[in-house]
Amino acid sequence: MLSALRTSVFTFGMAVLALPAHAFDTSARAAYVMDQTTGTVLLSKDADQPLPPASMSKLMTLYVAFEALRDGRLTLQETLPVSEHAMSYGGSTMFLNTQDRVTVEDLIRGIIVLSGNDACVVIAEALSPDGTEAGFARYMTQRAQQMGMNNSNFANSNGWPAAGHMMSVHDLAVLADRLITDFPEYYPLFAEEEFEFDGRAPSNKRNRNPLLRLNIGADGLKTGHTQEAGYGLVGSAKQGDRRVIFVLTGLDSTAQRAEEAESVVNWSFRNFVERTVATEEAPIAEAKLWMGEKKTVGLVPDGDLNVLFPVLGTQNIEAEVVYDGPINAPVAKGQLLAELVIKPEGLPEIRRPLFAAEDVPPGGFMVRMMTVGGIVLKDVINNPLESM
């Protein structure tokens, strides 16, 4: 039997206002906004362009540190020494010196709240395969590639300007998503507004994230600034059941960063609404079967399928089911059979797998005979001379 790619196009939802969805007009050099709850990309501007990430790349150092804590290679109360190299960094620091032994917990809070360049190096040298910051940077690059962050390359642990130290805003969003998802026990640290350490740097005790005190659901992650990179922010906010992750970079000032970030959060929550368009209890389409007890089988997602609709757009969404069929029976309930391609207005298409809604055993003798007979009859009708 020859199989062919089969599709069916349909719409679901109820039409309301037929107005186009408007993209956010950002002043950032590059930007990426994702609704984490549904996986919908709301905004993408030069998202895969490698750019200097400044202190936003500290998030990768934190991710590696959290992995080490999870695996037991570090503990929060363990103390680590401070090297001359770590102490030599300027910029944002914890003002550590070589007489210090600092707990891992204080170093992590120092990185998150104080953006401590020196704290990053202490962690880096403790976890580096060869004991050096450069070795840790190479490890971070390899780990980033394993995580699908293919436009990231690290030359150090803290984002200090260096040739080849680059990340894309898309990669930074992937990293933020992984931090939130993989380490929920540590993520609340990103919402800390102050950390005084031991009082030696009273001018550097406040979290630089401008959104934490605005009561808009913001609870992380990291700012960044160098002359080359401009001002940037990897941020996240949660309102109700929805969480948004966003990355902005290349802005001109702290004021512009704060204004742009707040605007992105408000736009993301106010201009889109989440709706359930399919459930695993109700087939959304059917796939044709070959030699089965039934001629078709229902197709369902593996859970509630939620889609974002633009508030000022149509809620009549076009969708397409794609599968290679007819599908050979038997089919088992839960078997992956097809893909649902959803095309919300003004947003990137969404692809989700569809599964068999029930078991369909192979047909009996009469089913097989009728199927074969039907093929022969069709051949006779289509090719009468060849059949004589």
Side-chain angles (χ1 to χ4, degrees), residues 53-83 85-87 89 91-96 100-149 152-160 162 165 167 171-192 195 197 204 207-209 219-224 234 236 245:
S55 288
M56 295 184 292
S57 65
K58 289 181 170 78
L59 292 175
M60 191 65 197
T61 296
L62 289 165
Y63 188 90
V64 174
F66 293 157
E67 284 189 318
L69 288 167
R70 181 192 61 197
D71 299 342
R73 292 178 286 120
L74 281 180
T75 66
L76 286 174
Q77 298 311 313
E78 180 179 358
T79 61
L80 300 177
V82 179
S83 69
H85 177 60
M87 190 180 70
Y89 271 99
S92 299
T93 74
M94 292 176 66
F95 296 93
L96 301 177
D100 290 320
R101 290 193 68 93
V102 190
T103 66
V104 171
E105 181 176 3
D106 282 347
L107 290 167
I108 287 173
R109 295 174 72 192
I111 296 170
I112 292 173
V113 182
L114 311 181
S115 198
N117 291 323
D118 47 2
C120 285
V121 180
V122 174
I123 291 285
E125 291 175 341
L127 295 176
S128 172
D130 63 4
T132 69
E133 184 188 17
F136 182 78
R138 290 190 293 270
Y139 175 83
M140 285 203 303
T141 300
Q142 294 171 358
R143 187 70 186 94
Q145 291 172 351
Q146 292 172 353
M147 295 165 64
M149 297 157 56
S152 294
N153 184 76
F154 302 97
N156 54 55
S157 64
N158 50 32
W160 194 260
H165 191 92
M167 295 186 77
D171 282 0
L172 281 162
V174 169
L175 180 55
D177 181 36
R178 291 291 298 269
L179 282 163
I180 295 166
T181 303
D182 296 350
F183 301 107
E185 68 271 37
Y186 299 125
Y187 182 66
L189 293 172
F190 287 96
E192 284 194 352
F195 175 52
F197 185 40
N204 185 29
N207 195 318
R208 291 165 175 76
N209 188 333
D219 55 10
L221 296 161
K222 190 77 189 70
T223 60
V234 180
S236 183
I245 293 169

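All residue numbers in this chain count up from 1 along the given sequence.
Considering all non-hydrogen atoms of both residues, T181 and P184 come closest at O-CD, 3.6 Å. The two atoms that bring G110 and M94 nearest to each other are CA-SD, 3.6 Å, heavy atoms only. Of all the heavy atoms in N156 and A137, the pair that sits closest is N-CB, 3.6 Å. Closest non-hydrogen pair, G135 versus P129, comes out as O-CD, 3.8 Å. Closest heavy-atom contact between A176 and I245: CB-CG2, 3.9 Å.
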For this session: Would you check, one step at a time, whether the test side-chain contact (heavy atoms from CB on, under 4.5 Å) holds for F190 with S236?
Result: CA-CA 10 Å; F190 287 96; S236 183; over 6 Å; no
Problem set entry | Stepwise side-chain contact (heavy atoms from CB on, under 4.5 Å) test for M167 and L175 | CA-CA 11 Å; M167 295 186 77; L175 180 55; 4.2 Å; yes
For this session: Please report the C-alpha distance between R109 and F197 in whole Å, then the side-chain angles of each, then the deciding distance to 0.1 Å, and finally whether the side-chain contact (heavy atoms from CB on, under 4.5 Å) criterion is met.
Result: CA-CA 9 Å; R109 295 174 72 192; F197 185 40; over 6 Å; no
For this session: Any chance you could lay out the side-chain contact (heavy atoms from CB on, under 4.5 Å) test for V82 and D118, step after step, and finish with the verdict?
Result: CA-CA 8 Å; V82 179; D118 47 2; 5.8 Å; no
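Between I108 and F195, every side-chain heavy-atom pair lies at or beyond the 4.5 Å cut-off. Contact of the L127 side chain with the E67 side chain is not registered, since no non-hydrogen atoms from C-beta on lie closer than 4.5 Å. Put simply, the side chain of V104 does not reach to within 4.5 Å of the side chain of T75, judged on heavy atoms. In this structure, the side chains of V122 and S83 stay at 4.5 Å or more apart for every pair of heavy atoms. Contact check for L69 versus F183: no side-chain heavy atoms found under the 4.5 Å cut-off. Taking the side chain as every heavy atom from C-beta outward, L80 and I123 approach each other to under 4.5 Å. Side-chain atoms of L172 and L221, non-hydrogen and from C-beta on, never get closer than 4.5 Å to each other. Using a 4.5 Å cut-off on side-chain heavy atoms (C-beta onward), F136 and T61 make contact.
Annotation: the span from L107 atom CG to I112 atom CD1 amounts to 11.5 Å, rounded to 0.5 Å. Atom CG of residue D100 and atom OG1 of residue T79 lie 10.5 Å apart, to the nearest 0.5 angstrom. With rounding to the nearest 0.5 angstrom, the CD atom of E125 is 11.5 Å from the SG atom of C120. Atom CG in D106 sits 10.0 Å away from atom CG in L76 (nearest 0.5 Å). Expressed to the nearest 0.5 Å, how far OG1 of T223 lies from CE of M56 amounts to 8.5 Å. For the atom pair CE (M87) and CG (N117), the distance works out to 14.5 Å, reported to the nearest 0.5 Å.
In terms of modelled atom types and a separation under 3.5 Å, the side chain of N204 and the main chain of T93 share a donor-acceptor contact. Not a single donor-acceptor pair under 3.5 Å links the side chain of D219 to the backbone N or O of P188.
Ring geometry for H85 against Y89 counts as perpendicular: the plane angle is over 60°, on a 0 to 90° scale with 30° as the lower cut.
Side-chain atoms of R208 and S55 include no donor-acceptor pair closer than 3.5 Å. K222 and S57 form no side-chain donor-acceptor contact under 3.5 Å, judged by distance and modelled atom types alone.
When each of M60, E133, K58 is checked for a side-chain contact (heavy atoms from CB on, under 4.5 Å) with S157, only E133 meets the rule.
Ring centroid separation for the pair Y63 and F66 does not come in under the 6.0 Å cut-off.
Ion pairing between R70 and D182 fails under the 4.0 Å rule for side-chain N and carboxylate O.
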